[in-house]
Amino acid sequence: MTDAHTAGPFIAAIDQGTTSSRCIVFDRDGRIVSVDQKEHEQIFPKPGWVEHNATEIWTNVQEVVAGAVEKAGITRDDIKAIGITNQRETTLVWDRNTGEPVHNAIVWQDTRTDALCRELGRNVGQDRFRRETGLPLASYFAGPKARWLLDNVDGLRERAEAGDLLFGTMDTWVIWNLTGGTDGGKHVTDVTNASRTLLMNLHTMEWDERICESIGVPMQMLPEIRSSAEVYGEIKGGKLGELLGGIPVASALGDQQAALFGQTCFAEGETKSTYGTGTFMVMNTGDKIINSYSGLLTTVGYRIGDQKPVYALEGSIAVTGSLVQWMRDQMGLISTAAEIETLALSVEDNGGAYFVPAFSGLFAPYWRSDARGVIAGLTRYVTKAHLARAVLEATAWQTREIADAMTKDSGVELAALKVDGGMTSNNLLMQTLADFLDAPVVRPMVAETTCLGAAYAAGLAVGFWNSTDDLRANWRRAAEWTPRMDAETRDREYKSWLKAVERTMGWLEDEE
Ligand SMILES: Nc1ncnc2c1ncn2[C@@H]1O[C@H](COP(=O)(O)OP(=O)(O)O)[C@@H](O)[C@H]1O
Ligand SMILES: O=P(O)(O)OC[C@H](O)CO
């Protein structure tokens with residue numbers, strides 16, 4: 001697959017995502033040379049529970065790396081480094097001696113720790129977690145998931161305290177296996193992934209002893225926290241060892257931080273939003289740890305080698321692309337995701353309907369697990385085409401709420417929004433977004449910004465690229481949407497949206 005335009009050497013990146021694992025090989029201009037991808041099973045043992053089989057994931061990771069290298073028609077000597085990006089918060093515990101997971105991984109969307117988080121809130125108080133970790137106490141994050149495993153799997157706490165078990169998010173699992181597993185695998189994570197556990201102190205970039213104790217996670221099972229761009233070890237052992245042994249494993253970033261990096265949002269105030277199953281908007285806040293009073297998360301954007309960490313504010317939305325899937329799979333109103341645009345374009349507006357998809361509560365800026373979805377404003381006039389509009393508008397309004405919160409917290413007005421992810425192929429949605437934000441929306445040439453960010457960080461770590469300026473030079477605009485909506489309509493519609501959001505709250509009673 002390589003040609004004269006994509007002469008080596010190359011950098012490879014693994015994206016261990018929620019629904020699939022993929023590997024992409026990039027050239028020096030940040031162009032894609034080859035891709036391989038494999039989905040894994042989504043396991044739903046009970047309502048609200050979501051698990052992954054980590055052994056299946058590791059098998060898939062090995063296959064997609066081998067697959068991408070084969071498709072590129074290159075060998076070990078052509079690849080200067082490999083980087084990792086991953087679904088964040090998804091939590092695994094495994095035996096350091098056998099390498100076997102003790103339980104399926106508990107996925108970020110899983111809400112089984114809701115009650116535990118409420119209890120921690122009552123006993124320890126929300127404020128301390130916010131202040132030290134930048135996060136609200138919520139089932140989304142990794143620490144409570146690890147505590148749940150220790151409390152609910154027989155004998156686990158004793159084994160953890162004896163030092164026989166390792167904790168990790170998916171970056172840690174993949175790096176440990178890539179670098180040899182039971183034969184000396186490196187047990188590390190990076191600052192961005194660690195900043196999603198509720199266990200890392202944002203100010204020191206170390207595990208916080210008191211917080212680990214309050215949550216009930218023994219520190220001896222935690223990985224070493226490293227920067228996002230440095231060599232953690234080399235590929236070793238197994239089939240990949242034979243194929244790619246010795247290649248430096250040189251970056252790790254949570255997928256949303258990787259997208260920030262891949263979008264080259266290196267300056268304070270630069271913001272990206274990734275539109276997939278859920279949506280994650282992240283703003284670079286430079287060296288400032290901005291405490292959010294508006295329901296955002298304070299998190300680490302990235303850290304290159306021994307440079308100072310760069311912080312970020314994040315607004316996470318649980319349901320965006322998955323609402324389009326719901327319209328397709330559960331309602332049968334469309335047969336492909338792309339059809340939502342055609343259907344929505346068959347009418348002028350939403351016909352008065354507003355759809356708030358609080359299917360598993362509301363994430364940012366509300367963090368309400370008692371909320372459930374509503375369609376408000378229904379009359380006999382509303383058709384499925386109006387609902388299609390309301391579905392797309394839901395994504396755009398949720399983004400607007402987060403943009404408002406970011407401006408409030410940071411004092412920075414959004415100058416433009418860089419977007420990526422599967423939903424950005426929807427032109428009507430992108431125009432609606434520009435209209436509701438009253439700011440330009442820009443999509444880059446390389447839409448695979450997540451893998452690209454991991455490749456960039458790995459490339460910086462081994463000197464393949466010299467500086468972030470080299471990376472900026474690779475960024476190219478593919479499309480831009482500018483606002484066309486008048487202020488009066490925008491304000492009126494926003495009010496109606498906010499009214500609909502209010503109606504989702506308090507649907508579940510506390511004991512539910
Ligand atoms: N044309 C479209 N319009 C609206 N939504 C879309 C469109 N194409 C894909 N999607 C949605 O985008 C999501 C897939 O995007 P992707 O970036 O691959 O997600 P993820 O990385 O979270 O798996 C799906 O939820 C799908 O419903
Ligand atoms: O794998 P994705 O793209 O669904 O990303 C999941 C996020 O990292 C969850 O925080």
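As the structure lists them, so they are numbered: ligands from 1, and atoms in each ligand from 1.
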inquiry  = Looking at D114 and R118, is there a salt bridge between them, counting it only when a charged N and a carboxylate O are closer than 4.0 Å?
reply    = no
message = Measuring centre to centre across the rings, with the benzene-like ring taken for any Trp, is F261 within less than 6.0 Å of F266?
response = yes
query = To which protein heavy atom is atom 5 (N) of ligand 1 closest, and what is the distance rounded to 0.1 Å?
reply = M423 CG, 3.5 Å
request  = Please list all pairs passing the salt bridge (charged side-chain N to carboxylate O under 4.0 Å, His left out) test where one or both residues lie in residues 44-61, with sequence neighbours left out.
outcome  = E51-R112
note = atom 25 (O) of ligand 1 has as its nearest protein heavy atom Q325 NE2, 2.8 Å
query = Are D110 and K145 ion-paired here, with the side-chain N under 4.0 Å from a carboxylate O?
reply = no
note = Here the salt bridge (charged side-chain N to carboxylate O under 4.0 Å, His left out) pairs for residues 318-338, sequence neighbours left out, are none
task = Would you mind checking which non-hydrogen protein atom is closest to atom 8 (N) of ligand 1, with the distance to 0.1 Å?
result = G422 O, 3.6 Å
Tabulating one pair per line, provide the atom names and distances (0.1 Å) for every N/O atom of ligand 2 that is less than 3.5 Å from a protein N/O atom.
from, atom 1, to, atom 2, distance (Å)
ligand 2, 1 (O), T18, N, 2.9
ligand 2, 1 (O), T18, OG1, 2.7
ligand 2, 1 (O), D255, OD2, 3.2
ligand 2, 3 (O), D255, OD2, 3.3
ligand 2, 4 (O), T18, OG1, 2.8
ligand 2, 5 (O), D255, OD2, 2.7
ligand 2, 8 (O), R88, N, 3.1
ligand 2, 8 (O), R88, NE, 3.0
ligand 2, 8 (O), D255, OD1, 2.5
ligand 2, 8 (O), D255, OD2, 3.3
ligand 2, 10 (O), R88, NE, 3.2
ligand 2, 10 (O), R88, NH2, 3.0
ligand 2, 10 (O), E89, OE1, 2.7
ligand 2, 10 (O), E89, OE2, 3.4
ligand 2, 10 (O), Y140, OH, 2.7

ask   = How close does the nearest protein non-hydrogen atom get to atom 3 (N) of ligand 1, and which residue and atom is it?
value = N426 ND2, 3.0 Å
key: Distance from atom 2 (C) of ligand 1 to nearest protein heavy atom, with residue and atom   = A337 O, 3.9 Å
Qualifying salt bridge (charged side-chain N to carboxylate O under 4.0 Å, His left out) pairs, either residue in residues 425-441, two or more places apart = D438-R490
request  = May I ask you to identify the nearest protein heavy atom to atom 19 (O) of ligand 1, giving residue, atom name and distance to one decimal place in Å?
outcome  = G276 CA, 3.4 Å
remark   = among protein heavy atoms, the one nearest atom 21 (O) of ligand 1 is R22 NH2, 4.3 Å
inquiry  = Closer than 4.0 Å and a protein heavy atom, does any atom meet both conditions relative to atom 12 (O) of ligand 1?
reply    = yes
message = For D255, is there an ion pair with R88 - N to carboxylate O distance below 4.0 angstrom?
response = yes
